[in-house]
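Not measured: the values here are computed from a predicted model. By convention in this document, chain letters (A, B, ...) are assigned in the order of the sequence lines, proteins followed by strands, and residues within each chain are numbered from 1.
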Protein chains: 2
Amino acid sequence: MIGLENLSRKEQLIKTAAQLFKEKGYAATSMRDLANTLGIEAASLYSHIKSKEEILQSLCFEMADKFRESLEEVENTNFSYTKKLRLGILGHIQVMARELTASAVFMNEHRHLSQPYLRSFLLLRINYINRFKKIIEGGIKSGEFKNVDTKLAVMTLFSSLNWMPHWYDPSGIIEPIELGHQLADMLIDGLQTK
Amino acid sequence: MIGLENLSRKEQLIKTAAQLFKEKGYAATSMRDLANTLGIEAASLYSHIKSKEEILQSLCFEMADKFRESLEEVENTNFSYTKKLRLGILGHIQVMARELTASAVFMNEHRHLSQPYLRSFLLLRINYINRFKKIIEGGIKSGEFKNVDTKLAVMTLFSSLNWMPHWYDPSGIIEPIELGHQLADMLIDGLQTK
DNA sequence: CCTACCGATCGGTAGG
DNA sequence: CCTACCGATCGGTAGG
């Protein structure tokens, strides 16, 4: 692992776990896998964390919080719905780009949370999705957007966004902001030439 | 479980496993979970199948085959790229709608395949994605589509399509074909009014 | 952060 | 399809 030198041991542990959870999945990652990657014994992990699930909890809820924060900034503006949607997409992608691994875990591994954490995570997520949906609905009412099925539209957006950590190459040419603009262009203007 | 009466015991077993793999994930689903759901002992499963992974293999490769078949039909036409893209989307969604659970497993659990199955699965998948990409590239060259980033375009399409099993309600109002048309409309024409 | 260890559960087999 | 069982591995604890 590279770039973990400045982090506390606990932060290193969570970052490393996120990597493993992303690659192998939460259930298929053992505490011994994690310990081996860090170069310590499995039992030693428990002086930093209380349980395996605690790691998943911090990853999921910290990301949920960052996504919510980013969208709230956009909501507190007076831009058109078209611009709000674009800024919402840009914000989401920038949060994701800063935490690509944690974002992938947020998207794919949250189902392994136990109750009551799972329930409150799903509430946060549906709330986030509904806020994007409100922007789309607003755009339809204002005449900016076509009268599409808003559930389909928002789920298309949400799945496109959240699958990005699986294929986006942060060392590649295209920058997160540029990527966000292109995705917004595609969804707002379509592929077709005018 | 409903509607499994006409299937062979092995087919029932695979369908039931798909449901559990979708809900809990492959790694978190134990053979005892599967046996309990079917109302038999875990050891009895092995008179129908060789291993847990064999179930995952049949699910993943059978779906890959159906998706490939559906896209090949579209490729063997002389339609415009716009129409090919639309028909490709419709085909994918119809295959998925017929096997919603297996499709979710295909999308999210394939990483638990061991070698050499994982490698050949990923080859099938990248081949499928590249065929969609070729349609988009063709449309750009012909002037039907704007000069977008084709990797972004095809991954947006692919992730939208494959996340559908997680939110699409087959008992709801909207039919798979109608859904496919609306998704195609969105991606091709965009959200924006003209 | 380590050694030593716990009970529970895992995928799977033998033999009927 | 069952009983009986296997060795391996799981998340986690006690005590230092």
Side-chain angles (χ1 to χ4, degrees), chain A residues 1 4-60 105 108-118, chain B residues 1 4-61 105 109-118:
Chain A
M1 303 288 287
L4 265 47
E5 301 81 7
N6 298 330
L7 300 175
S8 73
R9 201 70 174 122
K10 181 169 180 178
E11 285 167 328
Q12 281 179 41
L13 190 158
I14 291 177
K15 288 262 181 206
T16 307
Q19 200 71 48
L20 293 172
F21 292 171
K22 179 185 178 181
E23 285 163 20
K24 314 176 56 159
Y26 176 78
T29 301
S30 73
M31 295 307 268
R32 282 155 182 87
D33 289 337
L34 177 55
N36 284 343
T37 309
L38 289 164
I40 60 177
E41 293 299 317
S44 308
L45 296 168
Y46 293 89
S47 47
H48 301 289
I49 48 141
K50 281 201 279 277
S51 68
K52 183 184 179 186
E53 198 188 311
E54 193 198 55
I55 307 174
L56 184 63
Q57 286 162 15
S58 26
L59 286 167
C60 289
V105 174
N108 292 294
E109 306 302 328
H110 65 259
R111 63 176 161 185
H112 294 108
L113 290 169
S114 64
Q115 298 295 8
Y117 302 98
L118 178 59
Chain B
M1 302 287 286
L4 263 49
E5 300 79 9
N6 298 330
L7 300 175
S8 74
R9 202 71 174 122
K10 181 170 180 177
E11 285 168 327
Q12 280 179 40
L13 191 159
I14 291 177
K15 288 261 180 205
T16 307
Q19 200 71 48
L20 293 172
F21 291 170
K22 178 184 179 183
E23 284 164 21
K24 314 175 55 160
Y26 176 78
T29 301
S30 72
M31 295 306 269
R32 283 156 182 85
D33 289 337
L34 176 55
N36 284 343
T37 308
L38 290 164
I40 60 176
E41 292 300 316
S44 307
L45 296 168
Y46 293 90
S47 48
H48 301 289
I49 47 141
K50 281 201 280 281
S51 68
K52 183 184 178 185
E53 198 188 311
E54 192 198 56
I55 306 174
L56 184 63
Q57 286 161 16
S58 26
L59 286 166
C60 289
F61 285 97
V105 173
E109 306 303 328
H110 65 259
R111 62 175 162 186
H112 294 108
L113 290 168
S114 64
Q115 299 291 9
Y117 302 97
L118 179 59

Among C/dG12, C/dC2, D/dG11, which is the nearest nucleotide to the side chain of A/Met31? D/dG11

Quick one: A/Arg32 CZ to C/dT3 P, roughly how many Å, whole number? 13 Å

Taking the side chain of A/Ala43 as its heavy atoms from C-beta onward, which of C/dT3, C/dG11, C/dC1 lies nearest to it? C/dT3

Both A/Lys50 and A/Ala28 contact DNA chain D. Taking the nearest nucleotide for each, which residue is further toward the 5' end? A/Ala28

Which of these passes side chain to side chain contact (heavy atoms under 4.5 Å, CB included) with A/Leu34: A/Ile14, A/Thr16, A/Ile49? A/Thr16

If you only use heavy atoms from C-beta on, which nucleotide in D/dT13, C/dC1, D/dC10 is closest to the side chain of A/Tyr46? D/dT13

Spacing of CZ belonging to A/Arg111 relative to SG belonging to A/Cys60, to within rounding of 0.5 Å: 12.0 Å

Spacing of B/Ile49 atom CD1 relative to C/dG11 atom P, expressed in whole Å: 10 Å

Rounded distance [0.5 Å steps], NE2 in A/His48 versus CD1 in A/Ile55: 11.0 Å

Testing C/dG11, D/dG11, D/dC2 for proximity to the side chain of B/Ile40, the answer is D/dC2

Atom NE2 of A/His48 and atom P of D/dG12 are separated, to the nearest Å, by 15 Å

Is the distance from OP1 or OP2 of C/dC1 to the nearest side-chain N or O of A/Arg9 less than 4.0 Å? yes

Mind calculating the distance between NZ (A/Lys52) and P (D/dT9) to the nearest angstrom? 15 Å

Please report the distance, rounded to the nearest Å, between CG in A/Asp33 and P in C/dC10. 18 Å

Could you state the NE2-P distance from B/His112 to C/dC10, rounded to the nearest angstrom? 15 Å

Can you tell me the distance, in whole Å, between the CD atom of A/Glu53 and the C1' atom of D/dG12? 14 Å

Could you check which nucleotide pairs with D/dC10 in any of the strands shown, counting Watson-Crick or G-U wobble with both distances under 3.5 Å? C/dG7

Who pairs with D/dG15 - Watson-Crick or G-U, where each distance is under 3.5 Å: C/dC2

With rounding to the nearest 0.5 Å, note down the distance linking NZ in B/Lys24 to CD in B/Glu109. 12.0 Å

Does the side chain of B/Ser30 get closer than 4.0 angstrom to OP1 or OP2 of C/dC10 through an N or O atom? yes

Hey, what do you get for CG (A/Leu45) to CZ (A/Arg9), rounding to the nearest 0.5 Å? 9.0 Å

Minimum-distance nucleotide to B/Ser47 side chain [options: C/dG11, D/dC1, C/dC1]: D/dC1

How long is the line joining CD of A/Glu41 and P of D/dG16, in whole Å? 19 Å

